[in-house]
There are 2 protein chains.
Amino acid sequence: MARAASTKGPTRIQREKTEAILEAALEVFATYGFRGSTLDQIAAQSGISKPNILYYFDGKETIHAELLARLLETWLEPLEHMSDKGDPVEEICAYVARKLAMSRDYPRQSRLFANEVLQGAPRILDELAGPLKALTDEKAALIQGWIDAGLIKAIDPYHLIFSIWSTTQHYADFDVQVRTVLADKADDRFKKAAAFLDTMYRATLTP
Amino acid sequence: MARAASTKGPTRIQREKTEAILEAALEVFATYGFRGSTLDQIAAQSGISKPNILYYFDGKETIHAELLARLLETWLEPLEHMSDKGDPVEEICAYVARKLAMSRDYPRQSRLFANEVLQGAPRILDELAGPLKALTDEKAALIQGWIDAGLIKAIDPYHLIFSIWSTTQHYADFDVQVRTVLADKADDRFKKAAAFLDTMYRATLTP
DNA sequence: CATAGTTTTGACCATATGGTCAGAAAATAC
DNA sequence: GTATTTTCTGACCATATGGTCAAAACTATG
């Protein structure tokens, strides 16, 4: 059996294979969603046979759950960084830039999340209602504090955060559309997007 | 056989059943995407037996194609309305409002589209590269004209349009997340969103 | 109501899919 | 090298799924 000895950690092979499986599964689940993905696709993508995949993971569900768990660890991080130390406008714009960079560097994670939420977030709702809501409430309160202090314009903090999530994730989730519409101008889309979003949020926030 | 007499139009039953099937299919495809949806789900949702569904449509693919075709007819309409007749800021803000209203009134269509694009737009890429790109190019040029005339601030027209698409569709595609984060404050989310977006785009555009 | 045309269904099929298992192959321990 | 443990695979299974078909049920029309 895999899922290894509690005394000694996982073997090298266990680490390598589970990583390879998760890497392939991310590719597949991010593209087709949970129901639309098959173990055979993950097997083909990873070059690991289906029974061997099931030697390392209890089943399709377990692989997906592991990916979501890892995702959420890093997903909230950029927002956590937003603090009351710096200038409010700079803090928010830096958050926008970090979030956009994540869409550029981890588009599959973004799509995995998008697929899950689009389908009603059946396996992640608790995380949304728990950690995500808690963090959002906290940061919304921080933004409200800035507004009350007259440091930024009066806008709804929650919808500001929603707009940041949507505009930045759009470049990962709708990448095909963005590239198709931009056609030959698509190469520097992330640079242009960064510039546009910076301009927009400065205009929106600067009192 | 259904798919009816070319002389006489479709019968009442044909119209009712095809509509019922498409209505149910929209519900299912919007939630699970093409690959994740099954004819049995559509059958259960519509109360029409699977063989009977296949009497009206050639197959799963055909139903999906019909939905996408109908979707695109109406999807581009709000943007088409944006004209050079009125004040630029008002024209763009009106477009934002119309697009947000579509997320509120037709969330399933938005999710159907999102699922399709998320999965690489395999059955809709031509429409993106054709009509959608053409319309976007046209309206981007219109916006650029306003910029050149000094009527709005200098921003990238394409990324402005992307931001409008993403912020408005977010309220349909990520509805679960929005409602979860807002919790008891979720009821007037569309009103609040409209106000926020209006404020943001006025700040972004007004010279 | 009888007939022709339309609509619906139960039974069925081929393939896909998630998953199991006994044993082979490979790695590790001694 | 041999014994032991870990890793891997081919063959297999039960169920799900897209789709077919002949015949039954229904509807409209003369």
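We name chains A, B, ... by the order of the sequence lines, and we start the count at 1 in each one. It should be emphasised that the depicted structure is a prediction, and the values quoted were computed from it without experimental measurement.
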Rounding to a whole Å, what distance do you find between [X]:[atom1] and [N]:[atom2]?
X	N	atom1	atom2	value
B/H64	D/dG18	NE2	P	13 Å
B/I42	D/dA16	CD1	P	18 Å
A/I53	D/dT7	CD1	C1'	14 Å
B/I63	D/dT17	CD1	P	15 Å
A/I48	D/dT7	CD1	P	12 Å
B/Y32	D/dA16	OH	P	15 Å
A/D40	C/dG18	CG	P	7 Å
A/K60	D/dT15	NZ	C1'	14 Å

For [N], take OP1 and OP2 only and decide whether either is under 4.0 Å from a side-chain N or O of [X].
X	N	answer
A/R15	D/dT7	no
B/R35	C/dA16	no
B/S49	C/dT9	yes

*asked:* Using only modelled atom types and a 3.5 angstrom limit, is any donor from either the side chain of B/K50 or the base of D/dG18 paired with an acceptor on the other?
replied: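 Side chain to base: pair found, below 3.5 Å.
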*If every non-hydrogen atom of B/A154 is compared with every non-hydrogen atom of B/I147, which pair is closest and at what distance?*
CA-CG2, 3.7 Å
Nearest listed nucleotide, side chain of [X], among [options]:
X	options	answer
B/L39	C/dT8, D/dG18, C/dG19	D/dG18
B/T38	C/dT9, C/dG18, D/dG18	D/dG18
B/N52	C/dT8, D/dC8, C/dC21	C/dT8
B/P51	D/dT17, D/dT20, C/dT17	D/dT20
A/Y55	D/dG18, D/dT7, D/dT17	D/dT7

*Is there a donor-acceptor contact under 3.5 Å linking the side chains of A/S110 and A/Y171?*
no
*Do the side-chain N and O atoms of A/Y201 and A/S163 include a donor-acceptor pair separated by under 3.5 angstrom?*
yes
_If you assign A/G47 and B/S37 each to the DNA chain D nucleotide with the nearest heavy atom, which residue ends up on the more 5' nucleotide?_
A/G47
*So what does A/L54 touch, heavy atoms closer than 4.0 Å: a base, only the sugar-phosphate, or nothing?*
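Here A/L54 touches the bases of the nucleic acid.
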*Flag yes if more than 12 heavy atoms outside A/K192 fall under 6.0 Å of its NZ atom; otherwise flag no.*
no
_A/P122 vs A/E116 side-chain heavy atoms within contact, under 4.5 Å_ =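 Yes. Closest side-chain heavy atoms under 4.5 Å.
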